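All remarks here apply to the structure that follows.
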Amino acid sequence: MEEPKIPEEKAARSLNFLEEIIEEDIRNGVNEGRVHTRFPPEPNGYLHIGHAKSICLNFGLARRYNGLTNLRFDDTNPVKEDVEYVDSIMADVRWLGFDWEDRLFYASDYFEQIYDYAMVLIRKEKAYVCDMTAEEMSETRGTPTRPGKESPFRTRSVEENIDLFNRMRQGEFPDGSRVLRAKIDMASPNMHMRDPVLYRILHAHHHRTGDQWCIYPMYDFAHGQSDSIEKITHSICTLEFEVHRPLYEWFIREIGIYAPRQIEFARLNVTYTVMSKRKLLELVQQGYVNGWDDPRMPTICGLRRRGFTPESIRNFAETIGVAKRDNVIDVSLLEFCIREDLNRKANRLMAVLDPVKVILDNYPDDQVEELESVSNPEDESKGKRKLPFSKTLFIERDDFMEDPPNKFFRLAPGREVRLKAAYIIRCESIVKDPATGKIEEIHCTYDPMTKSGMPDSNRKVKGTLHWVSEQQAVKVEVRLYDRLFVKENPDDLEEGKTYKDYLNPDSLKVVTALVEPEVRNAKVSEKYQFERIGYFTVDADSTPEKLVFNRVVPLKDSWGKGDKVTG
RNA sequence: UGACCCAUGGUGUAACGGCAGCACAAGAGAUUUUGGUUCUCUCGGUCCAGGUUCGAAUCCUGGUGGGUCAACCA
């Protein structure tokens, strides 16, 4: 995969608000003009397209301003985290084309340091051990409109707090019996400032620190300090952390350490899908999809398996821009980005998804001709491929109509069409199954003088069809994927419904297609355009006996709307 | 019923007090051995009310609408 690069029009393009802030900081000599970002996922799930936006932002900004980007796992909650997720996240970031070089970090690397920070606060009488239960704490926290009540343990002495906190670490107390809290302001209009929990007791095995700890810092007490430790200059995060910023700044100030600048942006939403980790997990666990990398999932691994390229996703991230207002991106923009990329990269193949037999009555019975067609009209360097042609062919069932409307450019009784890279044929008669009325055979005559390349082949005909020769056609499995939900915003619920009520029952259709023999050279993950149908990629489920193709996206179709395939 | 954030075509995103532009989508046409691609064109927008100013999408005030915040989650 090629390296991501700043678009050439970089200089011409106007700046987004993050770039403006960073450029102003550089101008003002903040951090000596240094730019250092980080991508800080929690390893408790798979990355999705929304994370891709954040990844592209963080790595893209650093690249643009000659800075660095760290990959840091915010692994402060051992009960939810796992190395499985660590591995998949690293693979996804790399696949997207980004490199954190030797700067792979974990918040758990800083546990000792963070513990020391807690001690600093205790000594300054800015933190205390609280023995209230979770319920009591919840009751005394107040509401956004009413102040909370101070904990009776708030006035413990520094000595007692140090002793208790140390004993928490030594494992003397059971889970949930005590916490360390910051002493800030129970009446603050910002709920996060109402003596938030800093440490909780959790006798849990951590994927990296093992059983070394039985107390773990809360995300809020680890995230900002981790950024500080790594000397991050610009901490880019999503909008919901805006209200946490005063708390992070309070910690940094009270502890007295380097202060990164946090900037929040609006998270990505895409039509016809859901983005929350909880819902994605539910779809996987309850079997609505076949795993995290199901090609219908908005996960990075799902998109990869679906056949999206890193370039197309990066370009998507660039195109959607970034701002602070809530947004829902039309999935058609994502589709545009992958078509644009695959149009110039994917070799063409003729594949018939819903075949109907065509017999050329005037073609020699046993003759097989070898024709040629360009592999990719957008890229001559891809050369040509061989195509066998014979008396009995298959075309797409809906490329024929017995009684067509005016604007139908394809085959119909008495009408002529071109067979791509072959001959012009005319429909003479049809044979139907007497019982069902289904068309079984379309009898045509071909014009030998119209072979591709011959002068007569330039004759004007309305339509050009794709086709395969019966004898040489290769059967493959084709998985036709469509949007996972039928509703633009599955979270916009009607009375008594859940987002799962809007699942698209036709999001996957499996058909057997007939493909030209060239398909035998197809390798897993390669992308092809099935001419006149769409872009497809070879799925890892393929075996030497049977290739499996996933439809990435259909071609734009200004004739039929939506799916051409009804099989 | 508090604090904070946000508001530009259908969807995104620009315009930094001086002609509201770009992309996707939608529609029309040209080209085409893919009803693809490419090219041309069209449709369509500053939430409302005041104020400041020669001039406001932009600054101020007040509304309205949307979002976020009350895990020992992140």
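This one's a predicted model, so the numbers in the text were calculated from it and none came from an experiment. Every chain is numbered from 1, with letters handed out A, B, ... down the list of sequences.
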Distance in angstrom units between [X] [atom1] and [N] [atom2], rounded:
X: A:Glu378; N: B:G36; atom1: CD; atom2: P; result: 12 Å
X: A:Tyr216; N: B:C72; atom1: OH; atom2: C1'; result: 14 Å
X: A:Phe241; N: B:C6; atom1: CZ; atom2: P; result: 18 Å
X: A:Tyr423; N: B:U33; atom1: OH; atom2: P; result: 18 Å
X: A:Ile395; N: B:U33; atom1: CD1; atom2: P; result: 20 Å
X: A:Asp379; N: B:U38; atom1: CG; atom2: P; result: 15 Å
X: A:Glu488; N: B:G12; atom1: CD; atom2: C1'; result: 13 Å
X: A:Phe17; N: B:A14; atom1: CZ; atom2: C1'; result: 14 Å

Taking the six-membered ring for Trp, are A:Tyr216 and A:Phe111 parallel (under 30°), tilted (30 to 60°) or perpendicular (over 60°)? perpendicular
What orientation do A:His223 and A:Tyr248 show, parallel under 30°, tilted 30 to 60°, or perpendicular over 60°? tilted
When you check the phosphate oxygens OP1 and OP2 of [N], does a side-chain N or O of [X] lie under 4.0 Å from one of them?
X: A:Arg200; N: B:A74; value: yes
X: A:Thr464; N: B:U32; value: no
X: A:Lys462; N: B:U33; value: no
X: A:Arg410; N: B:U33; value: no
X: A:Ser558; N: B:G36; value: yes
X: A:Arg325; N: B:G67; value: no

C1' spacing across the pair B:C4 / B:U46, given as an integer number of angstrom: 25 Å
With C1' as the reference atom in both, quote the distance from B:A23 to B:G9 in angstrom, rounded to an integer. 13 Å
The criterion is ring-ring contact (aromatic ring centres under 6.0 Å, His included); which residues satisfy it with A:Tyr46, sequence neighbours excluded? A:Tyr85, A:Trp292
Hey, which sits more toward the 5' end of RNA chain B by its nearest nucleotide, A:Met454 or A:Val197? A:Met454
Salt bridge flag under 4.0 Å for residues A:Glu264 and A:Arg245: yes
Assess, by modelled atom type and distance only, whether the side chains of A:Asn77 and A:Glu42 contain a donor and an acceptor separated by less than 3.5 Å. no
